[in-house]
Amino acid sequence: MPLDASRNSLVLPILGLLVEQPAHGYDITTRLRERYGHLSVTRSTVTSLLKVLEKAGLVSSGPPERVGNRPPRTAYELTDAGLADFRNKVEAGVRDAPAASVDFVMAVAYVGILPIDQAACILDGRANRLDQELAALSVLPDGDVLEVHMLEVAYWRTIVATEATWIRTLVRRMCAREIGWPTQQTEQ
């Protein structure tokens with residue numbers, strides 16, 4: 001876990017799940033594993049992060065409750081500060097995360113927390129930034145380098161171009177209102 005636990009890649013999806021509904025650590029761990037199989041998730045890490053998030057005032061906990069024969073579990077919910085922090089993290093991740101990164105994937109997974117016009121604008125800006133990155137990748141060294149020694153550049157160009165195309169298609173669909181959006185977010 002990073003020294004600053006708030007930078008752990010699980011924080012954004014944990015907050016995102018708590019936007020959906022209050023939950024206890026075991027439930028959050030299970031839902032993270034189901035939704036995001038590519039993330040390494042342990043119950044102890046989730047529990048530790050929930051305690052850090054509570055200490056930071058981003059989540060609050062209720063008293064431990066027992067359901068059936070299960071051990072008592074503490075349910076957590078997002079605070080107003082937690083919701084604001086979550087929105088900021090989503091916005092920053094969509095705007096600033098490196099191309100083809102898990103950070104971008106996690107941020108775009110929760111882009112619906114932002115007003116649709118704001119999300120479209122941020123995504124469009126990202127696509128423009130990716131175009132600049134693509135242009136920089138198009139400048140190859142002199143013909144002295146064999147293509148086989150530059151295969152990673154061709155690969156990365158394809159990845160960056162594909163992400164930019166996907167984002168532009170997404171923005172077009174958002175602007176055409178082809179994608180359902182949470183009602184409260186479209187009215188802001």
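Bear in mind the structure is a predicted one, so any value in this text is a computation, not a measurement. All heavy atoms count here, side chains included; hydrogens, waters and symmetry mates do not.
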- Message: More than 12 heavy atoms of other residues, nucleotides or ligands under 6.0 Å from CG of N88: yes or no?
- Response: yes
- Message: Is the shortest side-chain heavy-atom distance between M174 and L123 below 4.5 Å?
- Response: yes
- Query: So, is the end of the R126 side chain (NZ or CZ) under 6.0 Å from the ring centre of F104 and within 45° of the ring's axis?
  - Reply: yes
- Might you confirm whether atom CD of E20 has over 12 heavy atoms from other residues, nucleotides or ligands at distances under 6.0 Å? yes
- Looking at I14, L15, L58, D85, which one forms a side-chain contact (heavy atoms from CB on, under 4.5 Å) with L78? L15
- Between E77 and Q21, does any side-chain donor sit less than 3.5 Å from a side-chain acceptor? no
- Nearest heavy-atom pair of L114 and A119: which atoms, and what distance? CB-CB, 4.2 Å
- Item | Residue R43 excluded, over 12 heavy atoms near CZ under 6.0 Å | no
- Message: Looking at every non-hydrogen atom in both residues, tell me the closest pair between I116 and W181 and how far apart they are.
- Response: N-NE1, 3.4 Å
- Item | Under 3.5 Å: donor-acceptor pair, side chain of R73, backbone of G25 | no
- Where do P64 and P72 come nearest, in terms of heavy atoms and distance? CB-CB, 3.9 Å
- Query: Counting N and O atoms only, with roles assigned by atom type, does the side chain of E163 sit under 3.5 Å from a partner on the main chain of A100, one being a donor and the other an acceptor?
  - Reply: yes
- Do R168 and D131 sit within salt-bridge range, that is, some charged N less than 4.0 Å from a carboxylate O? yes
- Between L32 and I28, does a side-chain contact (heavy atoms from CB on, under 4.5 Å) hold up when you go through it step by step? CA-CA 6 Å; L32 285 170; I28 291 170; 3.8 Å; yes
- Are a donor atom and an acceptor atom from the side chains of S44 and T47 found within less than 3.5 Å of each other? no
- Task: Specify the closest pair of heavy atoms between L130 and V160, including all atoms of both residues, with the distance to one decimal.
- Result: O-CG1, 3.5 Å
- Does any non-hydrogen side-chain atom of D27 lie less than 4.5 Å from one of Y76? no
- Query: So with a 6.0 Å cut-off around OH of Y26, is the heavy-atom count from everything else above 12?
  - Reply: no
- Message: What I want to find out is whether E91 reaches R87 closely enough, with some N-O distance under 4.0 Å, to be called a salt bridge.
- Response: no
- Shortest non-hydrogen contact between Y36 and P13, atoms and distance: CE1-CB, 4.0 Å
- Message: Assess whether a salt bridge exists between R177 and D117, defined as any Lys/Arg side-chain N lying under 4.0 Å from an Asp/Glu carboxylate O.
- Response: yes
- Query: When you look at H24 and T74, which way does the side-chain contact (heavy atoms from CB on, under 4.5 Å) test go after all the steps?
  - Reply: CA-CA 5 Å; H24 53 78; T74 301; 5.8 Å; no
- Query: Do V19 and Y110 come within less than 4.5 Å of each other through their side chains, counting heavy atoms only?
  - Reply: no
- Message: Using side-chain heavy atoms (C-beta onward) and a distance below 4.5 Å, is T79 in contact with L83?
- Response: no
- Any side-chain heavy-atom pair from L18 and L50 closer than 4.5 angstrom? yes
- Less than 4.5 Å apart, any side-chain heavy atom of M106 and any of L39? yes
- Message: Looking at T165, is its backbone amide N or carbonyl O close enough to the side chain of T169 to form a donor-acceptor pair, meaning the two atoms are under 3.5 Å apart?
- Response: yes
- Item | E65 side chain vs A75 backbone, donor-acceptor pair below 3.5 Å | no
- Message: Does S138 form a side-chain contact (heavy atoms from CB on, under 4.5 Å) with R157? I'd like the steps, not just the answer.
- Response: CA-CA 8 Å; S138 296; R157 264 194 245 136; 4.3 Å; yes
- Shortest non-hydrogen contact from L134 to A161? CD2-CB, 3.8 Å
- Message: Return the CG to CD distance between L49 and E54, rounded to the nearest 0.5 Å.
- Response: 13.0 Å
